[in-house]
Every structure is written in structure tokens, then in C-alpha cells.
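Predicted model only: the values in this text are computed from it and were never measured. Atoms within a ligand are numbered from 1 in the order they appear, just like the ligands themselves.
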Amino acid sequence: MKKILLTGASGFVGSHLIRLAPADVLLYAQCRHHEPLGNLPAGQIFQFDLQQPDWRLIRELHPDVVIHTAAMPSILACEQQPELAEQVNTTATVQLTDLAREIGARLIYTNTDLIYDGQQGNYDETAAANPLNVYARTKYRAEQYLLEHHENAVSVRCALVYGKALHRTPTFTEQMIARLRRGESVTLFTDEYRTPLLVDDLAAALWELAGNDYCGPLNLGGSEKLSRYAMGAVICEVLGLPHHLLVAKSTAEVDLPAPRPPDCSLDTTLARRVLCARLHGFTEGVARVFG
Ligand SMILES: NC(=O)c1ccc[n+]([C@@H]2O[C@H](COP(=O)([O-])OP(=O)(O)OC[C@H]3O[C@@H](n4cnc5c(N)ncnc54)[C@H](OP(=O)(O)O)[C@@H]3O)[C@@H](O)[C@H]2O)c1
């Protein structure tokens, strides 16, 4: 049985990875403050902070594959605490890369579409990265190290991920739906484009990558490119919620804590060649999960 170590097991993506874990893997989970979902035996849970990671435990475990999702993913928190973001997102990933290489473990890393500056859109894996904020810079520096220093590694550049939170904080889509159901307005940008990725599709793709031999960067997004406002319109359409509650705004009208790339849409031609996992468009994904 393959031994898999999943970091960030208590997070949004991590909990879906646990839910969709194949039956033929032995799963070990790392978390920090929160318990991972499911009923993993205590001996398969490692609780430590990436500010002071206990890599000894991982060396002793000797996993075959590491799926590294743990991160400080809040743009605002990263702007406010850049040194902490550097430690959690970059330094810890660099250390984990060295360890994975040393013990011969395959490494799958979840990066972000925000590594692009958004001037062009429709980015494939050959496009130049130019991260605009602290979060994206710290994530990208980790990817650069990982791809340069570990030959059996994948960096999955994920688009904006949506779906149902299995525990803890509701996702942005769930919060939007809840507001609309209460009859409250929702303000959305008309000039920020993404290719939203269903969390179930991301988890399926990550599990597939854990078992295949693709190495290098891989752009992963859904098949529909939409502005944030258009995402709201799809939700209203699919779920029969009132369109008039959507308020259109441009990013220039709002005082943002950090620069945001206008168009981070991803070209997923390579992912569709390498993977069998489906990459649903947002309209289909919303209908599947919330309809
Ligand atoms: N969600 C998206 O839209 C999106 C888009 C692109 C890329 N990504 C990437 O996908 C990955 C997962 O994101 P997510 O949405 O699942 O994030 P999340 O829900 O906030 O989960 C983050 C996970 O990281 C752990 N963590 C945070 N700080 C830590 C620290 N200092 N030490 C140890 N563990 C720590 C958390 O543990 P505790 O809960 O126990 O504290 C949690 O398990 C991240 O690498 C993110 O950059 C996400």
C-alpha cells in the first residue's frame, strides 16, 4: 500500500482530498489547529506548525508521496505578515522539498493562478509568471525551488477553487448563495476574470497525479472563463435566485489591500492531456454541487 502524507489536511482542499482518497492508499495527515475530517486513527495524524515544522516525524514515516496543500492562503494576512508568509509558504516548502528528495518521495504542490500578473489571460505552463502580491510571490518562490531541486515533483497552479466546505468556514460561493437567499445584495467585480475550479475536480486531479509520473508545472482550472460578476449571474440563474441583488463594481472603485491581477484565466490543454479527471465549467459545477 502506498503511504501518502497530506499536509493541510484540515483545510478546504485537504478535507476533499480525504473524502475522495482511494481505498488502496495509507493516508497520513498533517494539520495545525484543526482536526482533519473523517476518522483517521490518531497515529496517522501529525499536528505541527510550519513555523516550527517537525520534519523528523516525516523522515521516520518515509511516505511514498507527499501532497502539500498546507499554506497561509489569505492575501490580506500575507500582506500584513510578509515574514510569516515567507516562512509558511516558501521556507517550509523548500525544507519539505529537500526532505522529499532525500527520502525519494514524489511531491505534489498546490500553487495558485495568482502567480500571473493578469495582463494577458489564458495562461499556459510556458507563460511567464509575475506575481503581484506577497501571497503569490511566496507561493511562486516555493514552486521555483521545488521544480528546480526535485525531479519527481508537480506544481499544480490552481485557479480560484469553489465548492462546499466540508467543515469550518463556508466558501465564498456558499457565502454568496447564503446572502442571496436572505435577500441581501452581493457586490462583485466585473473586471476580474478567472477559470473557477470545482474542488471535487481538483481533489480527483491531485489523487491522479499522486499515482502517475507527470512532473513539472500544471495549470488546472475549469472550462469556463468568467468575471466575478458573471459567476454571481450563473449562481442566480442555476439556483433561481434574484439577479437584481447583484451589484456590479470595477476593481478601481474599491480600495484593495493588495494588487489583484485582472485576468488569471488558465489554458488547461496540458492538464486535459495528462489527466482523466474532468474539469467542469462553473455553470455545470454549480448545478452539480449546489443545485
Ligand atoms: N482555495 C483556493 O481558491 C485556492 C486557489 C489556488 C490555490 N490554492 C492553494 O491550495 C492550498 C489549499 O488551500 P485551502 O483553500 O484548502 O486553504 P485553507 O482552507 O485555508 O487550509 C489551509 C491549511 O493549511 C494549514 N495551515 C495554515 N497555516 C499553517 C501553518 N502555519 N502551519 C501548518 N499548517 C498550516 C491549515 O491548518 P489548520 O486549519 O489546522 O490551522 C489548513 O489545513 C493552498 O496551498 C493554497 O495556496 C487554493
Side-chain angles (χ1 to χ4, degrees), residues 5-19 29-38 40 45-55 57-58 66-78 81 83-93 95-96 107-116 123 131 133-143 146 154-175 192 194-203 205-206 217-222 228 231 260-261 264-266 282 285:
L5 170 70
L6 168 64
T7 74
S10 52
F12 170 45
V13 175
S15 52
H16 281 274
L17 277 159
I18 293 181
R19 177 176 69 86
Q30 175 274 338
C31 54
R32 180 185 51 163
H33 295 145
H34 304 97
E35 288 288 305
L37 195 79
L40 285 180
I45 300 174
F46 301 110
Q47 205 147 5
F48 61 79
D49 196 308
L50 290 176
Q51 288 180 74
Q52 286 161 326
D54 194 347
W55 298 129
L57 296 170
I58 312 302
V66 177
I67 306 177
H68 180 39
T69 73
M72 189 169 156
S74 155
I75 292 178
L76 179 59
C78 289
Q81 296 171 280
E83 281 162 21
L84 182 57
E86 176 74 19
Q87 168 61 37
V88 173
N89 292 345
T90 313
T91 310
T93 307
Q95 291 167 350
L96 185 57
L107 181 58
I108 321 274
Y109 169 65
T110 47
N111 203 352
T112 165
D113 57 355
L114 296 173
I115 63 165
Y116 299 111
Y123 294 102
N133 55 49
V134 173
Y135 165 62
R137 272 197 293 277
T138 54
K139 293 289 290 184
Y140 184 55
R141 274 201 288 276
E143 173 188 292
L146 172 137
V154 188
S155 176
V156 182
R157 295 153 174 183
C158 313
L160 179 70
V161 185
Y162 68 97
K164 270 191 184 157
L166 297 180
H167 59 172
R168 296 172 43 212
T169 332
T171 60
F172 74 93
T173 329
E174 289 174 297
Q175 290 175 28
E192 190 183 296
R194 311 288 281 269
T195 35
L197 173 63
L198 183 61
V199 68
D200 310 58
D201 294 348
L202 170 58
L206 292 171
L218 193 67
N219 290 4
L220 208 66
R228 294 258 185 186
M231 288 168 67
R260 295 163 79 110
C264 276
S265 53
L266 299 177
F282 189 68

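Ligand 1 does not have Thr7 within reach: every non-hydrogen atom of the residue lies 4.0 Å or more from it. Using a 4.0 angstrom heavy-atom cutoff, Ser15 does not count as in contact with ligand 1. Heavy atoms of Gln47 stay at 4.0 angstrom or farther from ligand 1. Using a 4.0 Å heavy-atom cutoff, Met72 is absent from the residues neighbouring ligand 1.
Checked by atom type and distance alone, the side chain of Gln30 pairs as donor or acceptor with a backbone atom of Phe48 at under 3.5 Å. The backbone N or O of His68 lies less than 3.5 Å from a partner atom in the side chain of Thr110, making a donor-acceptor pair. The backbone N or O of Gly163 sits less than 3.5 Å from a side-chain atom of Thr171, completing a donor-acceptor pair. In this structure, His167 contributes its side chain and Ser10 its backbone to a donor-acceptor pair below 3.5 Å. No donor-acceptor pair closer than 3.5 Å links the side chain of Lys164 to the backbone N or O of Val199. Thr69 places a side-chain N or O within 3.5 Å of a backbone atom of Thr7 that can act as its donor or acceptor partner. Side chain of Thr93 to backbone of Ala142: no donor-acceptor contact under 3.5 angstrom is found.
Counting only heavy atoms of the protein, atom 38 (P) of ligand 1 lies nearest to Ser10 OG, 3.3 Å. Shortest contact from atom 39 (O) of ligand 1 to any protein heavy atom: His34 ND1, 2.8 Å. The protein heavy-atom contact nearest to atom 12 (C) of ligand 1 is Thr69 O, 3.4 Å. Scanning the protein heavy atoms around atom 45 (O) of ligand 1, the nearest turns out to be Lys139 NZ, 2.8 Å. Nearest protein heavy-atom contact of atom 26 (N) of ligand 1 is Ala71 O, 3.7 Å. If you check which protein heavy atom lies closest to atom 7 (C) of ligand 1, you get Asn111 O, 3.2 Å. With hydrogens left out, the protein atom closest to atom 10 (O) of ligand 1 is Thr110 OG1, 3.5 Å, a heavy atom. Annotation: atom 17 (O) of ligand 1 to nearest protein heavy atom, Pro73 CG, 3.6 Å.
Each of Thr112, Thr138, Asn111 was evaluated against Asn89; a single residue qualifies, Thr138, per the side-chain hydrogen bond (donor to acceptor under 3.5 Å, both in side chains) test. Applying side-chain hydrogen bond (donor to acceptor under 3.5 Å, both in side chains) to Glu86 and the options Arg137, Gln81, Arg141 leaves one that passes, Arg141.
The distance from the CG atom of Leu146 to the OH atom of Tyr109 is 7.5 Å, given to the nearest 0.5 Å. With rounding to the nearest 0.5 angstrom, the CZ atom of Arg157 is 6.0 Å from the OH atom of Tyr140.
The N/O atoms of Asp49, backbone and side chain alike, include one that comes under 3.5 Å of an N/O atom in ligand 1. Checking only distances, Val13 does come within under 3.5 Å of ligand 1, N or O to N or O. Close N/O approach between Gly11 and ligand 1 is found [any backbone or side-chain N/O within under 3.5 Å]. Geometrically, ligand 1 and Phe12 share a nitrogen or oxygen pair separated by less than 3.5 Å. Of the polar atoms of Gly8, at least one N or O is found under 3.5 Å from an N or O of ligand 1, judged by distance alone. Considering both main-chain and side-chain atoms, Arg32 comes within under 3.5 Å of ligand 1 through a nitrogen or oxygen pair. Backbone and side-chain nitrogen or oxygen atoms of Tyr135 are examined, and one is located within less than 3.5 angstrom of a nitrogen or oxygen of ligand 1.
Counting heavy atoms closer than 4.0 Å to ligand 1, residue His68 contributes nothing at all. Of all the heavy atoms of Phe172, none lies under 4.0 Å from any atom of ligand 1, so neither backbone nor side chain is involved. Contacts with ligand 1 closer than 4.0 Å are made by side-chain heavy atoms of Val88 only, the backbone lying farther away. Neither the backbone nor the side chain of Ala92 has any atom closer than 4.0 Å to an atom of ligand 1 (non-hydrogen atoms only).
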- [ ] Just do the side-chain contact (heavy atoms from CB on, under 4.5 Å) check on Gln87 and Met72 with the steps written out, would you?
- [x] CA-CA 10 Å; Gln87 168 61 37; Met72 189 169 156; over 6 Å; no
- [ ] For the pair Ile67 and Leu5, evaluate side-chain contact (heavy atoms from CB on, under 4.5 Å) and give the outcome as yes or no after the intermediate values.
- [x] CA-CA 6 Å; Ile67 306 177; Leu5 170 70; over 6 Å; no
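Of all atoms in ligand 1, numbered sequentially from 1 with element shown, those under 4.0 Å from a heavy atom of Phe48 are 33 (C). Listed by number with element, the atoms of ligand 1 under 4.0 angstrom from any heavy atom of Val161 are 1 (N), 2 (C), 3 (O), 4 (C), 5 (C). Every atom of ligand 1 with a heavy atom of Cys158 under 4.0 Å away is listed here by number and element: 6 (C), 7 (C). Short contacts between ligand 1 and Ala70, defined as distances under 4.0 Å to a heavy atom of the residue, involve ligand atoms 24 (O). Less than 4.0 angstrom separates some heavy atom of Gln30 from each of these atoms of ligand 1: 33 (C), 34 (N). The atoms of ligand 1 that sit less than 4.0 Å from any heavy atom of Ala159 are 5 (C), 6 (C).
Partners of His16 under the side chain to side chain donor-acceptor pair (under 3.5 Å) rule, at least two apart in sequence or in another chain, are Arg19. Considering only residues two or more places apart in sequence or on other chains, Asn133 meets the side chain to side chain donor-acceptor pair (under 3.5 Å) condition with none of them.
Residues Leu114 and Ala136 approach most closely at O-CB, 3.3 Å, considering heavy atoms.
Both tests hold for Arg228 against Phe172: distance to the six-membered ring centre under 6.0 Å, angle to the ring axis within 45°.
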